[in-house]
Asks: 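Please read through the structure below; I'll follow up with questions.
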There are 2 protein chains.
Amino acid sequence: MDDGGGRVTRGKVTIRTVAEHAGVSVAAVSKVLRNAYGVSDALRQNVMESIETLGYRPSAAARGMRGRTFTVGILLVEIGNPFIPEVVEGINDILSPSEFKSLMGMGRSHMPVETSLIEQMIDFHMDGLILVAPRMSGAVLDRYARQIPIAVIGHHEATAAHFDTINSDDQRGAMLATEALIAAGHRDIVMLSQAYAPDSSHAVAGQREIGYRTAMQRAGLPGTVVALPYDGDSVPHHLRQFLEQNPRPRAVFCWSDLFAVDLVNIARSMGLRVPEDLAVIGYDNNPLAALPLVDLSSIDQAGRRLGALAAETLLSRMDGRNAPHHILLEPSLVRRTSG
Amino acid sequence: MDDGGGRVTRGKVTIRTVAEHAGVSVAAVSKVLRNAYGVSDALRQNVMESIETLGYRPSAAARGMRGRTFTVGILLVEIGNPFIPEVVEGINDILSPSEFKSLMGMGRSHMPVETSLIEQMIDFHMDGLILVAPRMSGAVLDRYARQIPIAVIGHHEATAAHFDTINSDDQRGAMLATEALIAAGHRDIVMLSQAYAPDSSHAVAGQREIGYRTAMQRAGLPGTVVALPYDGDSVPHHLRQFLEQNPRPRAVFCWSDLFAVDLVNIARSMGLRVPEDLAVIGYDNNPLAALPLVDLSSIDQAGRRLGALAAETLLSRMDGRNAPHHILLEPSLVRRTSG
DNA sequence: GGCATCGTGTGCACCGTTCTACGTAGAACG
DNA sequence: CGTTCTACGTAGAACGGTGCACACGATGCC
């Protein structure tokens, strides 16, 4: 039957349809669905068959009103960074075999968008949230964490009481990179960082700056951090300017391959030899770093594993755990020819 | 108040809370929310203030049960392709100023995942769906389209009756690329395509093959299509093999920059000069094509515009339109040095 | 002045689940 | 043999909104 708008309105098979078809009560069907206590094998079998033949699917919206939706929300800063898909895959590695599904929101690196997305996910009664590199402060996160279980990736907040954090040890990674450059004999090592809001010490870029400065200090070298805005198309322009300055640094530690890949590319096209004229080490070990003409040394932070751990952590929290977990993963340096 | 699980249960402000606070009926508040007919300015004002001071947000789950959720679902094949974010941005360009929000699902290039995601979005009572390059057949799409308004991007199905399609003219784009290579004097032009399922004539790769073959035929040249599987890490290996064959083609039209960027990179690292020894034109004009050492000529299909058009089309369909719209955008060749 | 009309607001059934309480039959127990 | 358990199934009230039918006072009209 057609309602005139082209939509099918008949056939709408609900839990009631199933109950009638199986000759049992609605409550019984519900019990089977949630595999709750108090159903005989015979009844379960019976109901399952009805569900199968009718092609019934429970309404997530209705479930959400009283119980769980079996859905976790994933909030992504942006999806331009090739590092993100890896994390998402890691999350799905864990979620797929579970009874939970995921739905994603894109924050577009913009805090009001992010908060509105989180609220939307709460309004849909999702069971838990995984936030990837959110722009907001720990205080804001804490407020949301009172309403819904939250696990955060790429946001350093090791003392947070109400949500879990899963991070690569960004300070350590930056130290690895910087120390490698120092060991190669470089002294004028500049860090190319991302400009971030003043109140965001939790940001990964900030942590990497700390690691860089620590390593430089230990070696008795002066550290210089140049922060570039990450606003899409202007990046190549800024990188070119950076390389045209005089004197130009001989070695660069780059907060992300997002910049480093372009940097190596632009440097080479300007006739600079890498690493002889310019040594570069990046961060994230993104797929492009492995391209032959790029061949960028980079810090690998095992994005897939980060995602998987976040999913597991969230699952355990949704299961009732209350004490916060704060996980820090050891990054590693992937050596290629760039530095 | 804390329920012992750390969640806040008090304070839960519902439409009833608002109604009491404003001293009106629940129905009145509902009317204001939906800005339905039959509310005086005074009442609206009054209710709005209560909503504001209480920080009330309507539950999307509850709304979905009877009315709309003001949410559209976006289904993405994968997010590894840098072309996808552009499309998403285009969608958001239109959705942000509207009253609608979006939530995304990631199909992971896997049909069962995609269908389950679509069903999940239907189960959440989303108001409409935008599918980006779905793997499923038109028949399957049609079945879902009876349950929910659908607009599809990157899926050629110009005769579909129940859903809208928004595409770049992939045949035309492939012809542009091929003709450019022919005009440059090449005769042995090979197309590097993506291996796709046999029943998917709707796939963009298939359309591009048709365009390629047509252009070659018109020029009286024999066409050769080499299809490579797109399964992540094996791509560079296959490309290298492709380049090591003897005789090697002098010119290549590549179905996607996903392959073309790697191809140019590997070719150059093998000592081949581009375009002298190997001319390459790609497809998508993705951000990496513009890198100096890549400098890849590519077909631009205006992803952002595709996304925006899809959102507009969906909006108009959700608004009651019934006749299908099938939009085809004219692609353009972005000339760089590679071919 | 009686009656239809209009603009506003309310009452209530309904959407599709979950969940708490309770009924009931048979087994176990003393 | 009466009583307490245990296992299974059911009834019915939530959950938080929407939307229809209707009430009610003020107007307009003949």
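Throughout, a chain's letter reflects where its sequence line sits, starting with A, and its residues are numbered from 1. On a predicted model such as this, the values are computed, not experimentally measured, just so you know.
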Asks: From the list D:dT18, C:dT18, C:dC15, which nucleotide is the closest neighbour of the side chain of B:M65?
Replies: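 The listed nucleotide nearest to B:M65's side chain is C:dC15.
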
Asks: Does B:S25 make a side-chain N or O approach to OP1 or OP2 of C:dT10 shorter than 4.0 Å?
Replies: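 True: B:S25 side-chain N/O within range (under 4.0 Å) of C:dT10 OP1/OP2.
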
Asks: Just how far, in rounded Å, is C1' of D:dA14 from NZ of B:K12?
Replies: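 One finds 14 Å between C1' of D:dA14 and NZ of B:K12, rounded.
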
Asks: For the aromatic rings, using the six-membered ring if either is Trp, is the centroid distance between A:H156 and A:H202 under 6.0 Å?
Replies: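 Here the rings of A:H202 and A:H156 have centres that are no less than 6.0 Å from each other.
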
Asks: Pick the nucleotide of DNA chain C nearest each of B:A42 and B:H125; which residue has the one closer to the 5' end?
Replies: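 Looking at DNA chain C, the more 5' nearest nucleotide goes with B:A42.
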
Asks: Report yes or no: do A:R44 and A:S40 form a side-chain donor-acceptor pair below 3.5 Å?
Replies: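 No.
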
Asks: Applying a 3.5 Å limit to both distances, which nucleotide forms a Watson-Crick or G-U wobble pair with D:dT6?
Replies: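 Check on D:dT6: paired to C:dA25, both distances under 3.5 Å.
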
Asks: What's the CG-P distance between A:N35 and C:dT18, to the nearest Å?
Replies: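 After rounding, the gap between these two atoms is 11 Å.
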
Asks: Find the distance B:I122:CD1 to C:dC15:P and express it as a whole number of Å.
Replies: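 Rounded to the whole Å, the gap is 20 Å.
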
Asks: Working note: B:M136 + B:E114, criterion side chain to side chain contact (heavy atoms under 4.5 Å, CB included); need CA distance, chi angles, decisive distance, verdict.
Replies: CA-CA 8 Å; B:M136 62 202 74; B:E114 287 183 0; 3.1 Å; yes

Asks: Quick one: label A:S30 by what it contacts on the DNA or RNA (base, sugar-phosphate, nothing), any heavy atom closer than 4.0 Å.
Replies: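 Here A:S30 touches the bases of the nucleic acid.
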
Asks: Output the rounded distance in Å from CG (B:L33) to P (D:dG19).
Replies: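 Rounding to the nearest Å, CG of B:L33 and P of D:dG19 are 11 Å apart.
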
Asks: Under 4.0 Å from OP1 or OP2 of D:dG19: is there any side-chain N or O of B:R34 that close?
Replies: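 Yes, such a contact exists.
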
Asks: For A:R68 and B:A28, take the nucleotide of DNA chain C holding the closest heavy atom to each; which residue's nucleotide lies nearer the 5' end?
Replies: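 First, find each residue's nearest nucleotide; the 5'-ward one identifies B:A28.
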
Asks: Salt bridge check: are A:D164 and A:R321 linked by an N-O gap of less than 4.0 Å?
Replies: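 Between A:R321 and A:D164 there is a salt bridge, with a charged N closer than 4.0 Å to a carboxylate O.
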
Asks: Please report the distance, rounded to the nearest Å, between CZ in B:F70 and P in D:dG17.
Replies: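 Atom-to-atom, B:F70 to D:dG17, this comes out as 13 Å.
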
Asks: Classify the nucleic acid contact of A:R57 as base, sugar-phosphate or nothing, counting any heavy atom under 4.0 Å across all strands shown.
Replies: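 The answer is sugar-phosphate, as A:R57 gets under 4.0 Å only of primed atoms, P, OP1 or OP2.
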
Asks: Between A:E86 and A:R304, is there a salt bridge with N-O shorter than 4.0 Å?
Replies: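 Salt bridge flag = no for A:E86 with A:R304.
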
Asks: Expressed in angstrom and rounded to an integer, what is the separation of A:R44 atom CZ from D:dC8 atom C1'?
Replies: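 The distance from CZ of A:R44 to C1' of D:dC8 comes to 13 Å, rounded to the nearest Å.
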
Asks: What does C:dG2 pair with, Watson-Crick or G-U, if both distances are under 3.5 Å?
Replies: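 C:dG2 is paired, partner D:dC29.
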
Asks: Measure the distance from CD1 on B:I15 to P on D:dG19 and round it to the nearest whole Å.
Replies: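 After rounding, the reported distance stands at 11 Å.
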
Asks: Check each of A:L33, A:V26, A:V32 against A:V29 using the side-chain contact (heavy atoms from CB on, under 4.5 Å) test, and report the only one that passes.
Replies: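 That would be A:L33.
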
Asks: Tell me the interatomic distance from A:L54, atom CG, to C:dG16, atom P, rounded to whole angstroms.
Replies: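 After rounding, the reported distance stands at 15 Å.
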
Asks: In terms of heavy-atom contacts, does CE of B:M48 have more than 12 from other residues, nucleotides or ligands at under 6.0 Å?
Replies: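 No, because the 6.0 Å sphere around CE of B:M48 holds 12 heavy atoms or fewer from other groups.
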
Asks: Are side-chain heavy atoms of A:E312 and A:L315 found at a separation under 4.5 Å?
Replies: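 Side-chain contact under 4.5 Å: no.
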
Asks: For the base of C:dC14, is there a side-chain donor-acceptor partner from B:R66 under 3.5 Å away?
Replies: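 Present.
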
Asks: Between the protein and nucleotides 6-8 of chain C, list every N/O to N/O distance that falls short of 3.5 Å.
Replies:
{"unit_1": "C:dG7", "atom_1": "OP2", "unit_2": "B:Y37", "atom_2": "OH", "d": "3.1"}

